[in-house]
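Here's the structure, in structure tokens; my notes come after.
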Number of protein chains: 2
Amino acid sequence: MPRMKAAASPQDGVQSVILAIKLLEAVASSETPKRITDLANQLGTTKARVFRHLRTLAQSGYIVQDPETERYYSGPQLVLLGQRIVENLSLVNEARSEMVKLCAELGHSVGLSQMVGERLYTVDVARGSTPFSITTLRGTEQIFHATALGKVALAFGPDSLAAKILAGPLQALTSETVTDPQKLRREIFQIAERGWAQSPNQLNPGINALAAPIFDARGRFAGAIAILDTLHLLSEKPTQGQIEATCRAAREISRRLGYTASHRPLPKRTAKRP
Amino acid sequence: MPRMKAAASPQDGVQSVILAIKLLEAVASSETPKRITDLANQLGTTKARVFRHLRTLAQSGYIVQDPETERYYSGPQLVLLGQRIVENLSLVNEARSEMVKLCAELGHSVGLSQMVGERLYTVDVARGSTPFSITTLRGTEQIFHATALGKVALAFGPDSLAAKILAGPLQALTSETVTDPQKLRREIFQIAERGWAQSPNQLNPGINALAAPIFDARGRFAGAIAILDTLHLLSEKPTQGQIEATCRAAREISRRLGYTASHRPLPKRTAKRP
DNA sequence: CATTTTGGTTTCGATCAACGAAACAGATGA
DNA sequence: TCATCTGTTTCGTTGATCGAAACCAAAATG
């Protein structure tokens, strides 16, 4: 099948669809219902066009118009669609019970990430038992060099990924984010050997995470699971219990995905140093 | 502002957007990545059209193409969008901590529903501690006459809603679903008085739910919270503890939404009997 | 009470974005 | 090797989509 890359496509994208997506995003991101006129201004188009599109979206249940105020807000259809996608991810389904177990065992919030192409996304979360539990939103992208989940991906994912990240600039998100490629490379090495990663203060000050890798039936890196809490409850020197519980959960999920130890005899180290 | 109803619109809906939505739904509902040819057949259109649309959706991150197999699957963007909507619902935010607390206290799964127009939707869930916990998916619609959440809505929501449901046919989902309007009306009466509803065996055999109403700052019915479990753990005669915990959670959420008892001096009963 | 403003909705003719058909390209397999 | 898949691109045509302006009802204003 074709290998050609899309090249500078003539006029890229179906315009109507692009507007519809922008509308959905604008309406979904707003806390309060939106008015047609404002949406038209915001997106730089005409009222009539916005109206026609909103009506279309409303017919499918993705947008709802408040009959009183005549304003438009997000319908439930979109939420349902998002949920359906998550439900169809096998990683989520296989991981769910282990996440709940891990969450109950340690009391921390638990996050699950999955590789999608060259990116790593949060696909499921379990809330910790603390009153104001800290979790990321489903669907958010993980920053490779500043999160425990991301660094696990660098250590166990394809070499090309690590190479790319180490080459590019490493943005500092806090004062403790690792921004030196050399230092990050050494850390990735260490993570690959011991089997887990952490990221104290590196994404949010005062917060730490501890992540372990998950592999699929073909022995490829599929994603990672992590516990997440304040440094007070998950210190820079995690307890043996925290490390073991997280790694055990990751191993169990890998097993359910069909992974057997034989697939990955040793942490693959091909040519990561220059 | 205009009161006219849309009337039989000339040619309704922006065609491109309709196709895009159908594509998103088709791809999201499939467990396995889809191929262009199949999608084209399934939706009864041409390959070229599907291709153009998929590319557009891919550019926005809503669809991803696997570079190996060339098949298309759902991107994470849609999940994120759905989550953002949920995050913007104030009911969800105010209710979250109470849901976690209720879930931890009783061990049952907890569901939260919100009125959207004339419909009732599940907007948040908390998983119970049982290994295979039973919950509905976020975004699913509640059937008014067969669920505890729905019957609470009939008892405390607008009279017009109850009138409409009582008038229409009541579909039996199990052998124990209430299908007699008279009987349902009496039950609604009872629910309005005692302040909670249940639905043993009425939606799924062997499952029961116990729901209580939530009111907003203007004293209007905003939604409902429910605990959900097998009849074994949540029997037809719920324990006093189960009833009180659920009602207390509902009251606390109402209070956070700005509701004070003065708003709703007595269960409104206008003209529910013929 | 009359008038203006505001904002959603509809109409309508022009146009160009989106379309279908067919060609193309790379892979598969017989 | 040839036949046959499937995803992608090209291209000329056309009707769906668009903007502008009219329209309508309600709210604000004088």
Side-chain angles (χ1 to χ4, degrees), chain A residues 1-24 26-27 30 32-60 63-75 117, chain B residues 1-24 26-27 30 32-60 63-75 117:
Chain A
M1 293 153 200
R3 247 324 56 81
M4 319 210 69
K5 44 176 46 193
S9 43
Q11 59 274 20
D12 17 31
V14 181
Q15 308 297 12
S16 307
V17 176
I18 292 176
L19 177 67
I21 289 174
K22 283 185 184 162
L23 275 172
L24 282 176
V27 174
S30 158
T32 56
K34 286 265 192 181
R35 302 179 322 172
I36 274 195
T37 315
D38 297 339
L39 282 170
N41 290 341
Q42 183 184 331
L43 299 179
T45 184
T46 55
K47 276 198 299 180
R49 191 147 102 104
V50 171
F51 172 74
R52 235 173 301 128
H53 277 247
L54 283 179
R55 181 194 288 178
T56 307
L57 292 170
Q59 280 164 358
S60 321
I63 293 278
V64 179
Q65 184 180 25
D66 185 326
E68 303 241 335
T69 66
E70 297 184 310
R71 296 170 185 219
Y72 291 87
Y73 56 97
S74 300
Chain B
M1 291 150 201
R3 253 316 62 78
M4 320 210 64
K5 43 176 46 192
S9 45
Q11 60 273 21
D12 19 30
V14 182
Q15 310 296 15
S16 306
V17 176
I18 293 176
L19 177 66
I21 288 175
K22 282 187 186 161
L23 275 172
L24 281 176
V27 174
S30 157
T32 56
K34 286 263 189 180
R35 302 179 326 169
I36 274 195
T37 315
D38 297 339
L39 283 170
N41 290 342
Q42 182 182 333
L43 300 179
T45 183
T46 55
K47 275 198 301 180
R49 193 149 104 104
V50 171
F51 172 74
R52 239 172 297 130
H53 277 249
L54 283 179
R55 181 195 287 180
T56 307
L57 292 170
Q59 278 163 358
S60 319
I63 293 279
V64 179
Q65 184 180 26
D66 185 328
E68 301 241 335
T69 66
E70 296 184 310
R71 296 174 185 215
Y72 291 86
Y73 57 96
S74 299

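Labels below follow one simple rule: chain letters A, B, ... track the order of the sequence lines, proteins then strands, and each chain is numbered from 1.
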Residue pair Tyr73(A) / Gln65(A): nearest heavy atoms and the distance that separates them: CE2-C, 4.3 Å
Shortest non-hydrogen contact between Val14(A) and Thr56(B), atoms and distance: N-OG1, 2.7 Å
Position toward the 5' end of DNA chain C (nearest nucleotide), Leu19(B) or Gln65(A):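 Upstream on the strand: Gln65(A).
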Whole Å only: how far is the [atom1] atom of [X] from the [atom2] atom of [N]?
{"X": "Leu54(A)", "N": "dG7(C)", "atom1": "CG", "atom2": "C1'", "value": "14 Å"}
{"X": "Phe51(A)", "N": "dA20(D)", "atom1": "CZ", "atom2": "C1'", "value": "16 Å"}
{"X": "Arg49(A)", "N": "dC12(C)", "atom1": "CZ", "atom2": "P", "value": "22 Å"}
{"X": "Tyr72(A)", "N": "dT9(C)", "atom1": "OH", "atom2": "P", "value": "4 Å"}
{"X": "Arg52(B)", "N": "dT8(D)", "atom1": "CZ", "atom2": "C1'", "value": "11 Å"}
{"X": "His53(B)", "N": "dC19(C)", "atom1": "NE2", "atom2": "P", "value": "4 Å"}
{"X": "Arg71(B)", "N": "dT6(D)", "atom1": "CZ", "atom2": "P", "value": "10 Å"}

Side chains of residues 33-41 of chain B: which donor-acceptor partners sit under 3.5 Å, not counting sequence neighbours?
residue	atom	partner	partner atom	Å
Lys34(B)	NZ	Gln42(B)	OE1	2.9
Arg35(B)	NE	Asp38(B)	OD2	3.1
Arg35(B)	NH2	Asp38(B)	OD1	3.2
Arg35(B)	NH2	Asp38(B)	OD2	3.4

Gln15(B) side chain, from C-beta outward: closest of dT17(D), dA18(C), dT9(C): dT17(D)
Which nucleotide in dC19(C), dA20(D), dC18(D) has an atom nearest any side-chain atom of Ala48(A):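 Closest nucleotide among those given: dA20(D).
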Overall bend - the helix from dC1(C)-dG30(D) to dA30(C)-dT1(D), comparing terminal axes fitted on five pairs, nearest 10 degrees: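 Result, rounded to 10 degrees: 30°.
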Within residues 33-47 of chain A, residues whose heavy atoms come under 4.0 Å of DNA chain C: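 Hits under 4.0 Å, by residue number: Arg35(A), Ile36(A), Thr37(A), Lys47(A).
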N/O (side chain, Ser16(A)) to phosphate O (OP1/OP2, dA18(C)) under 4.0 Å: yes
From NE2 (His53(A)) to CG (Leu23(A)), nearest 0.5 Å: 7.5 Å
Pairwise side-chain contact, Leu57(A) with Ile21(B), heavy-atom cut-off 4.5 Å (strictly under): yes
